[in-house]
Every structure is written in C-alpha cells, then in structure tokens.
Amino acid sequence: MASMRLTPGTVLLLVVPPLMWAANAVVGRAVRDLVPPLTLNFLRWAFAFVVLLPFAARVLRPGSDLWRHTGWYALLGLVGIGSYNALQYLALQTSTPINVTLVASSVPLFMLAIGAIGFGAAVSRRALLGAALSIAGVLLVLAHGDPARLLELRLVPGDVIILIATALWALYSWLLSRTGGPASIRDDWAAFLMAQLVFGVMWSGAFAAGEQVLLTPEPIRWGWPLVAGLAFIVIGPAIIAYRCWGAAVRRVGPTVAGFFQNLTPLLAAILSAGFLGEAPHWYHAAAFVLIVAGIVLSART
C-alpha cells in the first residue's frame, strides 16, 4: 500500500481544530449558568457572521452562486452549524468537558460507518485497527488508567446527546469531502463558511427561539465572563477551527481527519486540569501514544 504523506502544514490544520474544540468545551461548561445552551449556539454563530462579513460579503449579493445552491448550503448549515454545536452545549449542561469530548471521540467509528453506508467508501482492516487503537487511548483516559473503572461508568443525558451530535459531525465531514456547490464559493474558505452561516444562523436562531418558547425561559446574564467567553468561541472554535477543518478534510478525507479529532479529549483533560491546578497523569501520555498510533496507521491508504 502507498503511504499518504501528512505534511507539517496538513498536520497543523488537523491539530488546530481539536485544540479549539477542547477549549470550546471548557468555556461552554464555564458559562452554562450565564446563557441557555441553544441560545449560546445562536449567539456564537450570529457574531461569527458579523466578524466574517467583511471578508465574504460578496456571497450575499444578488446573483451570487449561493442563491442557486441554497439546498446544499442549507443542509451543511443545519448539520454542521445549527445542530452539532447546539447539541454540544446542551450536553455540557449535564456532563463535563472531558466526558463530552471523550464520547465525541467515537467519531472515527461513525466516520467509517457513515462512509461505508452512505458514501460507498471502503473500510480497510488497517482503518479498523487504527480506530481500535484510537478508541483504546480514549478509554484509557476515561478509566484514569484503571480498566476496572470502565465497569463503573454511567452515562448521563449529556453523554447520550453528544453521541448523537458526533454522528451528525461525521455526516457533516463526509458532506464536506464531496464536491458540492460552485467552485467560486467552495475554493474560498471565507465564502464557503459564510454560505453555511447564512443558513446556520437561521437554523440556530430557530432552535434558540424554540428553547425560549417550549422550555423554561432563562435570561442571559450579560457580563465580562460571558463576553470574554463569546469572543473566544467566535474567533477560535467558530471561525479558525472550521476554516482549518474544512481545508484538512479536503486534503486527507474525513476518515483520517476523524482520527485527529481524538486529540480533543486529551487536550480537554489538560486544559481542565490547568484550570483546576492539577498536573496531567501518566495515562494521558499513554493515551496520546495510542491515539497517535491510530492516526499514523489510518493515514496509510
């Protein structure tokens, strides 16, 4: 088999999103008492729309290719922007950042399954072995280095919610890998993200409105903690991470990219430990080795 080279630039594109998403989980947990989860998702993308506007305003003009491919971008906006992040913030209401990112690390399995079922992608033994190694690293962290603790695990509602979100993220990544929409938008990262945001903001706004109407209305507690948290998740996880992820998926495909996403729980553990003043443990390093081994193995095609 030929080896697919992961150049330093590609590796950087693949590592930045997990770092941003790990921090996003920590921040989302920190502000959970300041803003309802679906409303937080709407604010995140509404502000991201404003930040991105100077770089991609041409997409919104009459006659733009966006308006001839509304179905495609409405689907991407629903799955990748309107649903996934809303479910993640909802999961953080009852689960911890490490738990959420750990459960989300089942993404390689969803990538393989959705690719095989929905997109006719072949599943090699090497990819399955890489997935097994990567998941073993995740379980090692979850068990705190003691496999016996896995028998004591109990899933909370947030863990189930993030599992659903992970399946949607795998679908979104496969959709990104397919040629959809005109090249005039697809080949410009700012235009491509803006095209998704046009509909993603609508979806997330509808979900936030439903949250306020159908559930117990909760006020937004504005203040510097919430403003600082929003500023970070708008610039980092919303814009920088999505830009890097889209470019990386187009370079290496969704399956290999999915293995890199397994770095998220390790980074979340380190960030969470930093906030708590605790040093990482030996099993974090061992899990890192297993996850990287899974990445290297899966990168051979």
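Here, residue 1 is the first one in the sequence, and each next residue gets the next number.
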Quiz item: So, for Ala195 and Ile185, which heavy atoms are closest and what is the spacing to 0.1 Å?
Solution: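 Answer, listing the atom of Ala195 first, then Ile185: CB-CG2, 4.0 Å.
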Practice problem: With ring-ring contact (aromatic ring centres under 6.0 Å, His included) as the test, would you mind laying out the steps for Trp189 and Phe192 before giving the verdict? | Solution: CA-CA 5 Å; Trp189 75 269; Phe192 187 55; over 10 Å; no
Quiz item: Short question: side chain of Trp174, backbone of Ile114 - any donor-acceptor pair under 3.5 Å?
Solution: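 Answer holds: no.
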Exercise. Apply the test side-chain contact (heavy atoms from CB on, under 4.5 Å) to residues Val79 and Tyr84: give CA-CA distance (whole Å), side-chain angles for both, the deciding distance (0.1 Å), then the verdict.
Key: CA-CA 6 Å; Val79 178; Tyr84 173 74; over 6 Å; no
Check whether [X] and [Y] end up in the same hydrophobic cluster, where Ile, Leu, Val, Met, Phe, Trp and Tyr are linked by side-chain heavy atoms less than 4.5 Å apart.
{"X": "Val50", "Y": "Trp222", "value": "no"}
{"X": "Trp224", "Y": "Val27", "value": "yes"}
{"X": "Leu230", "Y": "Val51", "value": "yes"}
{"X": "Met111", "Y": "Leu13", "value": "no"}

Quiz prompt | Verdict with supporting geometry, Arg250 and Leu176, side-chain contact (heavy atoms from CB on, under 4.5 Å) | solution = CA-CA 7 Å; Arg250 293 187 64 188; Leu176 284 181; 5.9 Å; no
Self-check item: Any side-chain heavy-atom pair of Glu211 and Thr39 under 4.5 Å
Solution: yes
Quiz prompt | Check against side-chain contact (heavy atoms from CB on, under 4.5 Å), Arg44 and Asn85 | solution = CA-CA 10 Å; Arg44 163 184 175 164; Asn85 293 279; 3.0 Å; yes
Self-check item: Side-chain donor-acceptor contact under 3.5 Å, Tyr89 with Asn24
Solution: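 Yes - a donor-acceptor pair under 3.5 Å links their side chains.
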Quiz item: Above 12 or not: heavy atoms from other molecules or residues under 6.0 Å from CH2 of Trp203?
Solution: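 No, the 6.0 Å shell around CH2 holds no more than 12 heavy atoms from other groups.
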Self-check item: side-chain contact (heavy atoms from CB on, under 4.5 Å) between Val198 and Tyr73, worked out
Solution: CA-CA 8 Å; Val198 169; Tyr73 291 111; over 6 Å; no
Quiz prompt | Ring geometry between Trp21 and Tyr242 (parallel below 30°, tilted from 30 to 60°, perpendicular above 60°) | solution =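 Rings of Tyr242 and Trp21: perpendicular, as their planes differ by over 60°.
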Self-check item: Ionic contact status for Arg58 with Asp188, cut-off 4.0 Å
Solution: yes
